[in-house]
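Since the structure comes first, as structure tokens, the remarks are kept for the end.
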Amino acid sequence: MASQYYQEMQESFRNNSKSREFPAHSAKVHSVAWSCDGRRLASGSFDKTASVFVLEKDRLVKENNYRGHGDSVDQLCWHPNNPDLFVTASGDKTIRIWDVRTTKCIATVNTKGENINICWSPDGQTIAVGNKDDVVTFIDAKTHRSRAEEQFKFEVNEISWNNDNDMFFLTNGNGCINILSYPELKPIQSINAHPSNCICIKFDPTGKYFATGSADALVSLWDVEELVCVRCFSRLDWPVRTLSFSHDGKMLASASEDHFIDIAEVETGEKLWEVQCDSPTFTVAWHPKRPLLAYACDDKEGKYDNNREAGTVKLFGLPNDS
């Protein structure tokens, strides 16, 4: 028997199955993220800029474009509890912190290498940034100075704190999840999670689970306390690039080069919905308060169509009549 939640969400998506796209950038979008209050969506692009939109009813209205980086903006994230601040990581060997109230860059922090991933600690005090040389730098969010720097002997993919802020997780090229104590950064455990490259990691908002996505096209769900795999999701055929838990922790969206985004019920692994896409998906992010999914795809067939802006962001979960 399908759960009540499952039936309610299926009904909801049947009535709200529309996806709309919004022009954001002049080249492909690598990263999308919602502010903690859900009022704004930020996107980072190959065109070296970040854009911020305000969510008005069922559409995104572009508020500003943030320029300053000298290379692609590969990842960005918002402050965990201040909806005005976000940080961008770029291949130009800097990270930049931005304030949407002033539309200015409030800090540029030089780093050692080309940055590819970034996360903000749950307590808001530290920003961790990883580069192509597998160095992770921990930056004080107030003083903008480096607190610690770790060079790893393996390919570091995505990085994240747990919700309690006392452990730091890395996914690596050998299919492992490495867990360090925080702030000591002493190795606690290395979990053999996947037979091939472990690409992405996300913690659910309730703190019960985290999920990892791998080049083996599997998504695995882990119990945070026990550090054991609870179940696997296997509906994708290509390497899993991006994951996001819904605000209630009950749905997990995962995407790859498959031309759909899989939405699963976390507790059963059942497929709740499939969002059809014209091309591979780079990034997905659930809204922090409602079942609205932001995502960005590669361009259709990789060709830029002059009639439409190359870098769009999309919203799924809009009313069918909107």
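- Considering only heavy atoms from C-beta on, Val87 comes within 4.5 Å of Trp120 through its side chain.
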Q) Please walk me through it: do Glu155 and Asn197 pass side-chain contact (heavy atoms from CB on, under 4.5 Å)? A) CA-CA 9 Å; Glu155 177 191 316; Asn197 196 343; 3.3 Å; yes
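- At a threshold of 4.5 Å between non-hydrogen side-chain atoms, the residues Val240 and Leu218 do not count as touching.
- Between the Asn162 side chain and the Asp166 main chain, a donor and an acceptor come within less than 3.5 Å of each other.
- Checked against a 6.0 Å centroid threshold, the rings of Tyr182 and Trp161 count as neighbours.
- Proximity of Ser19 to Tyr295: side-chain heavy atoms (C-beta onward) are separated by under 4.5 Å at one or more points.
- Heavy-atom neighbours of Lys18 NZ from other residues, nucleotides or ligands within 6.0 Å: above the threshold of 12.
- The two residues Leu76 and Ser43 come nearest to each other via the heavy atoms CD2-C, 3.3 Å.
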Q: Let me see the working for Glu11 and Gln7 under side chain to side chain donor-acceptor pair (under 3.5 Å), right down to the final yes or no.
A: CA-CA 6 Å; Glu11 179 66 20; Gln7 290 167 338; over 6 Å; no
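- Of the charged side-chain nitrogens involved, at least one lies within less than 4.0 Å of a carboxylate oxygen, so that Glu267 and Lys208 count as a salt-bridged pair.
- The shortest distance between side-chain heavy atoms of Val156 and Val136 falls below 4.5 Å.
- Around the CD atom of Glu56, the shell of radius 6.0 Å holds more than 12 heavy atoms that belong to other residues, nucleotides or ligands.
- With Thr111 contributing its side chain and Lys93 its backbone, the two residues share a donor-acceptor pair below 3.5 Å.
- For Phe316 and Phe13, the distance between ring centers is under 6.0 angstrom.
- Thr171 places a side-chain N or O within donor-acceptor distance of the main-chain N or O of Glu158, the cut-off being under 3.5 Å.
- Within 6.0 Å of CZ in Arg235 there are more than 12 heavy atoms belonging to other residues, nucleotides or ligands.
- Using a cutoff of 4.0 Å between basic side-chain nitrogens and carboxylate oxygens, Asp248 and Lys250 are not scored as salt-bridged.
- Taking every heavy atom of both residues into account, Ser244 and Ala285 meet most closely at OG-CA, 3.5 Å.
- Annotation: side chain of Phe152 is not in contact with side chain of Asp133 (no heavy-atom distance under 4.5 Å).
- Within 6.0 Å of CZ on Arg67 lie no more than 12 heavy atoms contributed by other residues, nucleotides or ligands.
- The two residues Ala24 and Ser51 come nearest to each other via the heavy atoms O-OG, 3.1 Å.
- Asp164 places no side-chain N or O within 3.5 Å of a backbone atom of Met167 that could act as its donor or acceptor partner.
- Shortest non-hydrogen contact noted between Cys229 and Cys232 is SG-SG, 4.1 Å.
- Applying the side-chain contact (heavy atoms from CB on, under 4.5 Å) test between Cys77 and each of Ile118, Leu85, Thr88 identifies Ile118 as the sole match.
- More than 12 heavy atoms of other shown residues, nucleotides or ligands fall within 6.0 angstrom of atom CD in Gln151.
- The distance between the ring centers of Phe53 and Phe22 does not fall below 6.0 angstrom.
- Side-chain contact between His259 and Thr281 is absent, with no heavy atoms from C-beta onward closer than 4.5 Å.
- Here the shortest heavy-atom pairing between Val284 and Ala255 reads CG1-CB, 4.1 Å.
- Phe210 and Trp222 have parallel rings, their planes meeting at less than 30° on a 0 to 90° scale where 60° marks the start of perpendicular.
- Side chain of His287 to backbone of Lys289: a donor-acceptor contact under 3.5 angstrom is found.
- Aromatic ring orientation, Tyr66 versus Trp98: perpendicular (interplanar angle above 60°, classes split at 30° and 60°).
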Q.
Before you tell me yes or no, could you show the steps for Asp71 and His69 under side chain to side chain donor-acceptor pair (under 3.5 Å), namely the whole-Å CA-CA distance, both residues' side-chain angles and the distance that decides it to 0.1 Å?
A. CA-CA 6 Å; Asp71 203 343; His69 278 300; over 6 Å; no
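- One finds no salt bridge joining Asp140 and Arg145 here, because no Lys/Arg side-chain nitrogen approaches an Asp/Glu carboxylate oxygen to under 4.0 Å.
- For the pair Trp273 (side chain) and Asp262 (backbone), a donor-acceptor distance under 3.5 Å is absent.
- For the pair Glu265/Tyr5, a side-chain contact is recorded, criterion being any heavy-atom separation below 4.5 Å from C-beta on.
- Each of Asn174, Thr212, Asp216, Asn178 was checked for a side-chain contact (heavy atoms from CB on, under 4.5 Å) with Cys198, and the lone residue meeting it is Thr212.
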Q) Run the side-chain contact (heavy atoms from CB on, under 4.5 Å) check on Leu272 and Met251 step by step: do they pass? A) CA-CA 8 Å; Leu272 253 174; Met251 292 187 287; 3.5 Å; yes
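- In the hydrophobic clustering of this structure, Val275 does not group with Val32; members are Ile, Leu, Val, Met, Phe, Trp, Tyr whose side-chain heavy atoms approach within less than 4.5 Å, directly or through other members.
- Although no hydrogens or angles enter the test, the distance criterion places a donor-acceptor pair under 3.5 Å between the side chain of Asn163 and the main chain of Asp204.
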Q: Using the side chain to side chain donor-acceptor pair (under 3.5 Å) rule, take Glu274 and Gln276 through it: C-alpha gap first, then chi angles, then the decisive distance, then the call.
A: CA-CA 6 Å; Glu274 205 172 81; Gln276 294 302 317; 2.9 Å; yes
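- No side-chain donor-acceptor contact under 3.5 Å links His30 to the backbone of Gln75.
- With respect to the salt-bridge test (charged N to carboxylate O, under 4.0 angstrom), the residues Asp58 and Arg290 qualify.
- Using modelled atom types and a 3.5 Å distance limit, the side chains of Asn16 and Asn320 yield no donor-acceptor pair.
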**Q.** Trace of the side chain to side chain donor-acceptor pair (under 3.5 Å) decision for Asp74 with Ser90
**A.** CA-CA 6 Å; Asp74 280 340; Ser90 169; over 6 Å; no
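- Using a distance-only test at 3.5 Å, with no hydrogens or angles considered, no donor-acceptor pair links the side chain of Asn192 to the main chain of Pro195.
- The existence of a salt bridge linking Arg241 and Glu257 is confirmed by a sub-4.0 Å separation between a basic side-chain nitrogen and an acidic carboxylate oxygen.
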Q: Tell me, with the steps shown, if Asn115 and Lys132 meet side-chain contact (heavy atoms from CB on, under 4.5 Å).
A: CA-CA 6 Å; Asn115 301 311; Lys132 283 185 177 169; over 6 Å; no
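- Separation of the Phe169 and Phe203 ring centroids falls under the 6.0 Å cut-off.
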Q | Criterion side-chain contact (heavy atoms from CB on, under 4.5 Å) on Leu292 and Leu318, from CA distance to verdict | A | CA-CA 7 Å; Leu292 189 63; Leu318 299 172; 3.7 Å; yes
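- Partners of Ser160 by side-chain hydrogen bond (donor to acceptor under 3.5 Å, both in side chains), not counting sequence neighbours: none found.
- Of all non-hydrogen atoms in Met9 and Pro291, the two that sit nearest each other are CE-CB, 3.7 Å.
- The pair Lys112-Glu149 counts as a salt bridge, with a side-chain nitrogen and a carboxylate oxygen less than 4.0 angstrom apart.
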Q. Can you check salt bridge (charged side-chain N to carboxylate O under 4.0 Å, His left out) on Arg40 and Glu63, steps first, answer last?
A. CA-CA 9 Å; Arg40 289 182 171 87; Glu63 185 176 56; 2.8 Å; yes
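- The backbone N or O of Ala27 lies less than 3.5 Å from a partner atom in the side chain of Ser45, making a donor-acceptor pair.
- Here the side chains of Arg39 and Val54 are in contact, with some heavy-atom distance below 4.5 Å.
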